[in-house]
Protein chains: 2
Amino acid sequence: MGKQDYGPIGIATALVRSSFLVNAVYAESSREHGLTPQQGQLLCVLMAQPYGMGELGAILGLAKSSLTGLVDRTERNGLVQREPNPQDSRAVRVGLTSQGGRLVREFYAETCRRIEKLSAGLSATDRDTLASLLGRVVLDNQVPMVFIEPDEGAPAARRY
Amino acid sequence: MGKQDYGPIGIATALVRSSFLVNAVYAESSREHGLTPQQGQLLCVLMAQPYGMGELGAILGLAKSSLTGLVDRTERNGLVQREPNPQDSRAVRVGLTSQGGRLVREFYAETCRRIEKLSAGLSATDRDTLASLLGRVVLDNQVPMVFIEPDEGAPAARRY
DNA sequence: TCGATATAATTCGTGAAGCGAACTATCTGG
DNA sequence: CCAGATAGTTCGCTTCACGAATTATATCGA
């Protein structure tokens, strides 16, 4: 209850501030790779597999018209491409170009490195505890597959 | 190490995804209060006290030209106001209007409520642990005073 | 088979956001 | 008193995000 070291902060404040922190790191890492944060996020999602525009909208929480623009700009930069969907000629599949693939692997690794550094002041045990607790929060809340881990969602579990 | 429940995720992934989650909740709460997330954040910062443009730029991590626009728009909506700084006639103090104060108290409380709900699946003990660990991360990384808690940074500790 | 409806995506117009460069006004140190 | 430094604003630009309207294709039912 003491105030000598600012005292404990509530869960909401802690979550909002850590989110602020992560956003800032993510934005800086994006910028240094010549990406906007949104384009970086798009690439990270596509790292797992190609998606249709509708699926991407659901994953990223964007209106479809917003997504058209984002994909346009990222495509203009040569990082993603639209391919016709053989099953449905209305639809497209958005996937990484080889340049986009190369860039996102670098961007993803570097961003992970920087985000991990944020918890460098914690012991390994505490860091694992934090990862586990946060992992349960994101699992409970059905966070979409943004920022997938390389071996996460093994092929057998993929639906598309 | 098993894969049956997706297995543990790394600290970086956990942080990025929880940040994604928090952003979404924050954005939705803002929207429902007639605010953009940026305007909501500005109001939350000003909840503690008025600040100059330069200070706000440092706190929010924005270029000064970006801040001019943000404060302009929020002022146009009647939520903040610029007041001359008696000590320095170049400078300005940005503070909440009474309408802005009323709105931000409501917005802040409601947003906290929603963010807290994200951890509803955790036991009280786990939630406290999570808050404490995240609290250390934000403290270690010098997160600016965004989303201050009502009794945090008591008047005696304020520098301005 | 044909027509109604649903779905996938794009286009268009609008406003918010963010930046850097250039500018104005004031303050401060020598 | 003048040469910087500092506080903010303005300007031009790009990105981002949305909703409404549109086009094209798919699908379902009669």
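First the proteins, then the strands, lettered A, B, ... as listed; each starts at 1.
Listed by chain and residue number, A:N85, A:D88 satisfy the side-chain contact (heavy atoms from CB on, under 4.5 Å) test with A:A91 (two or more places apart in sequence, or in another chain). With sequence neighbours excluded, the residues satisfying salt bridge (charged side-chain N to carboxylate O under 4.0 Å, His left out) with B:D72 are B:R82. Judged as a side-chain contact (heavy atoms from CB on, under 4.5 Å), and not counting sequence neighbours, the contacts of A:R31 are A:E28. Remark: A:R102 pairs with A:S98, A:Q99, A:R105 by the side-chain contact (heavy atoms from CB on, under 4.5 Å) rule, at least two apart or across chains. Residues that satisfy the salt bridge (charged side-chain N to carboxylate O under 4.0 Å, His left out) test with A:E32, not counting sequence neighbours, are A:R114. Taking A:V143 as the reference, A:V138, A:V146, B:R17, B:F20, B:L21 meet the side-chain contact (heavy atoms from CB on, under 4.5 Å) condition, with sequence neighbours excluded.
For the pair A:Y26 and A:T111, the tightest heavy-atom approach, listed with the atom from each and the gap, is CD1-CG2, 3.9 Å. For the pair A:Q39 and A:R73, the tightest heavy-atom approach, listed with the atom from each and the gap, is NE2-CB, 3.8 Å. Annotation for B:L46 and B:V94: closest pair CD2-O, 3.4 Å, computed over non-hydrogen atoms. For the pair A:V137 and B:L118, the tightest heavy-atom approach, listed with the atom from each and the gap, is CG1-O, 3.7 Å.
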Please list, pair by pair, any protein nitrogen or oxygen found under 3.5 Å from a nitrogen or oxygen in nucleotides 4-6 of chain D.
| unit_1 | atom_1 | unit_2 | atom_2 | d |
| --- | --- | --- | --- | --- |
| D:dT6 | O2 | B:R90 | NH1 | 2.4 |

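Of the residues in residues 19-46 of chain A, none has a non-hydrogen atom less than 4.0 angstrom from any atom of DNA chain C. Of the residues in residues 56-64 of chain A, those with a non-hydrogen atom less than 4.0 angstrom from any atom of DNA chain D are A:L62, A:A63. Using a 4.0 Å cut-off on heavy atoms, the residues of residues 69-84 of chain B that approach DNA chain C are B:L70, B:R73, listed by number.
Within the 4.5 Å cutoff, side-chain heavy atoms of B:R136 are placed close to those of A:D126.
Between A:S66 and the phosphate of D:dA17, there is no side-chain N or O to OP1/OP2 separation shorter than 4.0 Å. Contact annotation: A:S89 reaches the phosphate of D:dA26 (side-chain N/O to OP1 or OP2, under 4.0 Å).
At the heavy-atom level, B:N85 lies nowhere under 4.0 Å from the strands shown.
Between B:Q87 and A:G54, the residue whose closest nucleotide on DNA chain C is further toward the 5' end is A:G54.
The side-chain hydrogen bond (donor to acceptor under 3.5 Å, both in side chains) with B:R93 is formed by just one residue from the set B:Q49, B:Q87, B:E55; it is B:E55.
Note that the OG1 atom of B:T13 and the CD1 atom of A:I115 stand 9.5 Å from one another [nearest 0.5 Å].
For DNA chain C, the span of nucleotides reached by chain A at under 4.0 Å from its heavy atoms goes, 5' to 3', from C:dA6 to C:dT11.
With respect to the salt-bridge test (charged N to carboxylate O, under 4.0 angstrom), the residues A:E110 and A:R113 qualify.
Listed by first and then second residue, the side-chain hydrogen bond (donor to acceptor under 3.5 Å, both in side chains) pairs involving residues 58-71 of chain A amount to none (not counting sequence neighbours).
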